Every structure is written in structure tokens, then in C-alpha cells.
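Worth saying up front: this structure is predicted, and the values here are computed from it rather than measured. Numbers for residues simply follow the sequence, beginning at 1.
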Amino acid sequence: MADSARTTPFDLDGYLKRIGWEGERRPDAATLRGVHLAHLRSVPFENLDPLGGTAPSLDLGDLTAKLVHARRGGYCYEHNTLFASALRALGFRVTLLAARVVVGAERIEDRPRTHMALLVEAPGDPQPYLADVGFGAIGSLLEPVPLTADTEFHDAGRRHRLVHVPHHGPLEMWVLEAHRGAGAGWEAQYAFTTEPFEAPDYEVINWHIATNPRSPFSRRPYVQRLVPDGHLLLDGNRLTETRADGTVTVRELTEEAEARRVLEEDFDIEVPAGLTLLGT
């Protein structure tokens with residue numbers, strides 16, 4: 001579980017200010033949970049760079065300029081690369097993982113490894129944690145969970161569990177499941193092993209996901225934000241608000257100006273000049 005080398009100094013003070021974290025800076029489970037949730041509440045998930053035809057940079061300096069010092073967000077490689085750097089600066093040990101997103105899939109093997117997640121270890125704590133601030137779905141983790149099978153975790157109001165599933169590889173296959181509410185049961189989110197991946201692996205995956213014309217991230221806006229009373233999602237022209245009590249409201253955005261206003265005001269994102277959101 002060796003860390004990848006990092007040569008760019010990390011602006012920890014700027015990052016913690018961006019997410020509003022004023023708590024302890026100790027590499028322990030409480031700090032890990034707090035910083036994880038604070039990140040999700042502050043930095044939106046968005047794919048505006050791929051939508052505009054550009055693969056986003058994963059250089060730490062570029063990520064800091066975009067996600068920390070500008071009113072922008074990013075998708076999984078950006079969020080989790082930045083978050084991993086913050087955790088390392090705080091004293092955690094971090095391993096980059098590659099997962100197969102299996103929401104809606106019939107078989108795990110039908111999906112490629114295109115999602116970045118993190119395995120996090122704290123000094124003196126024998127329990128590793130699955131952390132992930134970059135999964136663009138309402139079934140995402142809000143707080144890290146221990147890497148323990150068949151145990152239900154309640155993370156900031158959501159319910160998750162990790163299970164093992166059979167596969168042909170030498171390492172155990174883990175699946176993160178989210179509970180989708182009464183009557184809906186458990187839904188698989190993504191599958192992964194603990195095989196370490198490195199930064200160059202994600203350069204390739206990032207370019208593929210951002211530029212492949214069949215990738216959903218290159219074809220339509222996909223933006224989400226955790227808000228105090230729930231969750232906001234813009235998928236194409238459909239804006240979905242899911243409140244904490246389970247109430248869901250959906251409306252379609254029909255005007256480009258309206259879509260830009262929603263991103264600016266509701267998602268707190270400064271939309272790049274010249275970018276067309278709705279393709280009209």
C-alpha cells in the first residue's frame with residue numbers, strides 16, 4: 001500500500017479554509033470523518049471541463065487552483081486526488097484504488113475500472129477505511145467506512161455496507177452497497193480490490209472518460225451538490241432535488257440562461273465563459 005510520490009507542495013491551509021474545517025488536524029478516525037464530510041458539503045461534483053471538450057488536469061497545482069481557489073468542482077479523479085493529498089498532509093497513509101461502477105449493471109465484469117476511491121490508514125489504528133469524496137451519485141459515502149464486510153454503517157444519515165463477492169482474481173472483491181430506503185433494499189454502487197493504483201494510471205483513465213464520445217461525462221452536464229437539507233443533481237436538463245425526508249422533486253430546465261443561473265446560485269459553480277450547457 002505504498003503512497004505515490006508527490007512533489008508539489010500542498011496548500012493544506014487553503015484547502016481546509018475552502019471546506020470550512022476548523023477542527024483538529026490529527027491523523028485519526030474522527031478527523032478523517034470530519035474532513036471527508038466537510039469536503040462533500042463544500043466542493044461540488046461537476047464535469048464542465050469534459051463537457052467543454054477538455055480532459056481536466058490532475059496536476060496538484062491545477063487542482064488546487066480550480067477546486068480550492070475558484071468556485072469550481074470536479075469529478076472523481078479530481079476530488080479524490082485532491083483529498084488524498086490533504087490526507088497525506090495531515091499524516092494519513094493513502095492508497096489509490098480503481099473501482100468498477102456497477103449501478104444498473106447485471107455483472108461486475110461488464111464494467112471497466114474507471115472510478116477512483118481511496119484506502120486510508122491512520123497511524124496506530126489497525127483498521128483501514130474506505131474513503132471517497134468523488135462518487136457522483138446519491139448512493140455515495142458521506143463519511144469513510146471501515147473496510148469490514150457484512151456490517152451496516154450509518155454515515156451522516158446514509159446507510160452503507162461492504163460485502164464480498166466471488167470473482168476470478170487473487171484478491172478479495174469488495175462491493176460497496178447503499179440502502180435506497182424502505183422497500184428498495186440494498187443497491188450495489190461499485191466493486192473494487194485493494195490492489196494499489198498510481199497517478200499515471202488515472203491519467204489514462206481520466207483522458208478516456210473525458211474525451212470518449214460515448215462517455216456520459218463528455219455529452220451532457222452532470223453536476224451534484226450536497227446541501228444542508230438534501231441533495232441536488234443536474235443530469236442533462238433535468239434538475240432533481242432529494243430532501244432529507246425522502247421527498248423528490250424534478251423539473252426540466254429549458255433555457256440556457258436558466259441552467260447557468262442554477263449552477264451559479266444553487267450549485268455555487270462559476271460556469272466557464274463560452275460553455276454551452278444544454279446544447280441549444
Side-chain angles (χ1 to χ4, degrees), residues 1-6 32 36 39-40 45 47 49-50 55-60 62-63 67 73-88 92-121 128-137 139-141 144-149 160-178 187-212 214-218 222 224:
M1 298 182 183
D3 292 343
S4 298
R6 293 294 184 267
L32 176 61
H36 192 286
H39 181 116
L40 285 166
F45 181 101
N47 67 323
D49 285 354
S57 171
L58 302 185
D59 174 80
L60 185 54
D62 293 338
L63 289 175
L67 276 69
Y75 61 5
C76 73
Y77 320 117
E78 299 173 274
H79 277 277
N80 281 325
T81 297
L82 182 72
F83 189 56
S85 297
L87 293 181
R88 292 183 177 111
F92 293 94
R93 183 180 177 88
V94 182
T95 301
L96 309 181
L97 307 177
R100 304 179 189 273
V101 178
V102 296
V103 178
E106 293 185 4
R107 302 187 316 143
I108 289 175
E109 295 81 3
D110 291 340
R111 299 287 176 83
R113 293 197 192 197
T114 57
H115 177 62
M116 178 192 284
L118 306 175
L119 186 67
V120 182
E121 298 167 277
Y129 296 85
L130 175 68
D132 186 355
V133 295
F135 190 51
S140 64
L141 292 173
V145 295
L147 194 70
T148 302
H160 288 91
R161 69 182 182 186
L162 289 163
V163 298
H164 287 144
V165 296
H167 79 127
H168 299 300
L171 299 177
E172 290 179 320
M173 179 68 74
W174 297 81
V175 174
L176 175 70
E177 296 184 337
E187 179 184 55
Q189 302 298 299
Y190 55 78
F192 62 96
T193 68
T194 56
E195 177 186 359
F197 278 62
E198 303 296 339
D201 299 319
Y202 296 102
E203 292 288 348
V204 176
I205 300 171
N206 175 48
W207 182 86
H208 167 77
I209 291 298
T211 64
N212 189 323
R214 293 187 296 175
S215 169
F217 291 119
S218 68
Y222 191 86
Q224 72 167 5

Visitor: Roughly how far apart are L87 CG and Y129 OH, rounded to 0.5 Å?
Guide: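 It comes to 13.0 Å.
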Visitor: side-chain contact (heavy atoms from CB on, under 4.5 Å) with P128: which of L119, T95, T194?
Guide: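 Per the side-chain contact (heavy atoms from CB on, under 4.5 Å) rule, the option paired with P128 is L119, out of L119, T95, T194.
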Visitor: Can you sort out the partners of H36 under ring-ring contact (aromatic ring centres under 6.0 Å, His included), two or more places apart, ordered by chain and number?
Guide: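 H36 satisfies ring-ring contact (aromatic ring centres under 6.0 Å, His included) with F83 only.
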Visitor: Aromatic rings H164 and W174: how do their planes relate, parallel, tilted or perpendicular, breaks at 30° and 60°?
Guide: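 Rings of H164 and W174: perpendicular, over 60°.
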Visitor: How close do V165 and I108 get, heavy atom to heavy atom, and via which atoms?
Guide: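 Of all heavy-atom pairs spanning V165 and I108, the closest is CG2-CD1, 3.5 Å.
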Visitor: Would you say the side-chain atoms of S218 pair up with the backbone N or O of N212, donor to acceptor, closer than 3.5 Å?
Guide: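 The answer is yes, because a donor-acceptor pair under 3.5 Å joins these two groups.
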Visitor: To the nearest 0.5 Å, how far apart are CD in E195 and CZ in R113?
Guide: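 E195 CD to R113 CZ: 5.0 Å, rounded to 0.5 Å.
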Visitor: Give, for atom CD of E78 and atom CG of N206, the distance between the pair rounded to the nearest 0.5 Å.
Guide: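 Here the interatomic distance stands at 7.0 Å.
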Visitor: With a 4.5 Å limit on heavy-atom distance, are the side chains of F45 and Y222 in contact?
Guide: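 SC-SC contact between F45 and Y222 confirmed.
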Visitor: State whether the side chain of N47 and the backbone N or O of P50 hold a donor-acceptor pair below 3.5 Å, judged by distance alone.
Guide: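 No, the answer is negative, given that no donor and acceptor are paired below the 3.5 Å cut-off.
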Visitor: Would you name the heavy atoms of A191 and V175 that are closest together and state the gap between them?
Guide: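 Closest approach of A191 to V175: CB-CG2, 3.8 Å.
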Visitor: Could you pull out the closest heavy-atom pair between R161 and E177, with the gap in Å?
Guide: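 The answer is NE-OE1, 2.5 Å.
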Visitor: So, S85 side chain and T81 main chain: donor-acceptor pair closer than 3.5 Å or not?
Guide: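 Here the side-chain-to-backbone pair exists.
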Visitor: Can you measure from CG (L176) to CG (L130) and round to the nearest 0.5 angstrom?
Guide: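 L176 CG to L130 CG: 6.0 Å, rounded to 0.5 Å.
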Visitor: Between CE of M116 and CG of L96, what distance do you get to the nearest 0.5 Å?
Guide: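 Going from the CE atom of M116 to the CG atom of L96 covers 5.0 Å.
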Visitor: For Y77, give me all partners under ring-ring contact (aromatic ring centres under 6.0 Å, His included), at least two apart in sequence or on another chain.
Guide: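 Y77 satisfies ring-ring contact (aromatic ring centres under 6.0 Å, His included) with Y75 only.
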Visitor: Drop me the distance from R100's CZ to R111's CZ, to the nearest 0.5 angstrom.
Guide: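 Between atom CZ of R100 and atom CZ of R111 there are 11.0 Å.
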Visitor: Identify the heavy atoms of Q189 and A178 that sit nearest to each other, and give their distance.
Guide: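 Looking at all heavy atoms of both residues, the shortest contact is NE2-CB, 3.8 Å.
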Visitor: Ignoring hydrogens and angles, tell me if any N or O in the side chain of H160 forms a donor-acceptor pair with the backbone of P144 under 3.5 Å.
Guide: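 Side chain of H160 to backbone of P144: no pair is present.
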Visitor: Who are the salt bridge (charged side-chain N to carboxylate O under 4.0 Å, His left out) partners of R214, not counting sequence neighbours?
Guide: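 Testing R214 for salt bridge (charged side-chain N to carboxylate O under 4.0 Å, His left out), a comparison that skips the adjacent residues, returns none.
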Visitor: Looking at A117 and D132, what are the two nearest heavy atoms and their distance?
Guide: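 Looking at all heavy atoms of both residues, the shortest contact is CB-OD2, 4.2 Å.
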Visitor: Could you report the tightest heavy-atom contact between S215 and I209, atom names first, then the distance?
Guide: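 S215 and I209 have their closest heavy atoms at OG-O, 2.7 Å.
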Visitor: Is it the case that N80 and Y202 place a side-chain donor and acceptor less than 3.5 Å from each other?
Guide: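 No pair is found: no donor N or O on one side chain lies under 3.5 Å from an acceptor on the other.
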